[in-house]
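Below: the structure, in structure tokens.
Along the sequence shown, residues are numbered consecutively beginning with 1. Both ligands and their constituent atoms are indexed starting at 1 by order of listing. Worth saying up front: this structure is predicted, and the values here are computed from it rather than measured.
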Amino acid sequence: MTHQKNAINKQTDTSKGQSIWGGRFGAGPSAVMREINASIHFDQRMYREDIAGSKAHASMLAKQGIISAEDYTAIHTGLDQIQTEIAAGKMHFDPALEDIHMHIEARLRELVGDAGARLHTGRSRNDQVATDFRLWTRGAIDQLDKLYIGLATALLDQAEKYAAAPMPGFTHLQTAQPVTLGHHLMAYFEMFARDRARLQDCRKRLNTSPLGAAALAGTSFPLDRHATADALGFEEPMANSLDAVSARDFAIEFLSVLSIGAMHLSRLADEIVLWATSAFNFLELSDSFSTGSSIMPQKRNPDAAELVRAKVGRIVGAQNGLLIVMKGLPLAYSKDMQEDKEPVFQAVDDFELCLVAMTGMLADFKPNLEKMKSAAGEGYSTATDLADWLVRVLNLPFRDAHHVTGAIVKTAEEQGLALTDVPLTAMQAIEPRITADVFDVLSVEASIASRVSYGGTAPDNVQRAIKDARKVLS
Ligand code: ARG
């Protein structure tokens, strides 16, 4: 909470506990009531959006002849000054004034008197807060997209470097077939591209304006809701005033998108943790993204990756929390909805940090190519290539080829040999028509190069995918 000494709002008379809405109240609220009621310690983050919304509203009021041009000028100038004051940390935030909307309005009245008191004509805090929150979330999406571009670029740079570098591909975390490291990294590019698209989808759906819905029923003043929607960059005004003030599905959708995105980041983070173990030894952790142990001098811990892996818990928790706040709320506004902002702010902070940390880890990414390559050849990883050869050259039905290959792998296992070292005669004992040509397909490189089907791991494919991805990014 920001508590500045140089109180600008001190002239606002809250000494008798009267607030802006206190007309019909005798005594003021209790201290506990003030504390539970106040949201200023978090919703001050929306001050720019609140001021932008007020400017749009005031300008429309003047154009519609609801307030005078002089009042509009005074309001506009006052709001500019307040924005400067808050940005400079000069606003004293007082829980008695509840939230950012009342702080700004109270200060405006101090600065410009009656003109300031006319600003709230045809408006309620209910449509005001819904507007501010949509604007804030829209801004967060735009900021996240920028960070995603940085992440995707770091990923593409590494994928390009290692487009032909072999590593084992896994299923069930068992060695399955060789792939290239570039291909593996590009899988994450695809996930991130979908995450970005989901953000844009969410942005499009949330970009409608609640402003002018007033408390819940609309207003008797001749507002031009299309004009305020336009001025704030919204597609259109929301069609139903009750929905406008009470809808929070945009925030829940946004948190769902972040949950999915965080889950993807967590999977990549987990691979970094796994690969950096001495058992895997696929990866050298950089000094900038690892820490030592206080007791074991030899240790290097992948803390940053572990924390990115963990943050998904907080982000999914935020989504869950807001869903639970909203379920069962009757129309229209309920104060419960004040609890909508903290989970979103927290999730955005966490998510931004994850994106930046992951970008840094990828930029520092130092794979152990030798280890990856030798691991790619272990575990009979080219057994499928052998089966495919039997289908292609000997015209065996795939199921039979699978069976023959299984028998050859068994022999290799019994003799402690890699597939490439099984003598031709031993293979022929199982399937007499096998020729020495079969060895051409059994190396890791040959296996990888053969995977030319669309989306497959052949280095040419990977290079093409990277080229296409760069086009999409720019
Ligand atoms: N601080 C409130 C919130 O975030 C603003 C709306 C208050 N509206 C009301 N009717 N009390 O939800």
What's the verdict on salt bridge (charged side-chain N to carboxylate O under 4.0 Å, His left out) for D142 and R203, showing C-alpha distance, side-chain angles and the deciding distance? CA-CA 9 Å; D142 294 343; R203 186 190 197 282; 2.8 Å; yes

Y333 versus ligand 1: do any nitrogen or oxygen atoms come within less than 3.5 Å of each other? yes

Hey, which atoms in ligand 1 end up nearer than 4.0 Å to a heavy atom of D99? 1 (N), 2 (C), 5 (C)

Please state whether K341 comes within less than 4.0 angstrom of ligand 1, counting heavy atoms only. yes

Is it the case that over 12 heavy atoms from other parts of the model lie below 6.0 angstrom from the CZ atom of R300? yes

With atoms numbered from 1 as shown, which atoms in ligand 1 lie under 4.0 angstrom from a non-hydrogen atom of S39? 1 (N)

So do F280 and E271 actually touch side chain to side chain, heavy atoms under 4.5 Å? no

Protein residue, atom and distance nearest to atom 8 (N) of ligand 1, heavy-atom basis: N126 OD1, 2.8 Å

Atom 11 (N) of ligand 1 sits nearest the protein heavy atom R125 NH2, 3.6 Å

Using a strict 4.0 Å cut-off to heavy atoms of Q338, name the atoms of ligand 1 that fall inside it. 1 (N), 2 (C), 3 (C), 4 (O), 12 (O)

Under a plain distance cut-off of 3.5 Å, with no hydrogens placed, do N461 and R451 share a side-chain donor-acceptor pair? no

ring-ring contact (aromatic ring centres under 6.0 Å, His included) partner of H184, the single match among Y162, W275, F282, F189: W275

Would you mind checking if R470 and D157 are paired as a salt bridge, meaning a charged N to carboxylate O distance below 4.0 Å? yes

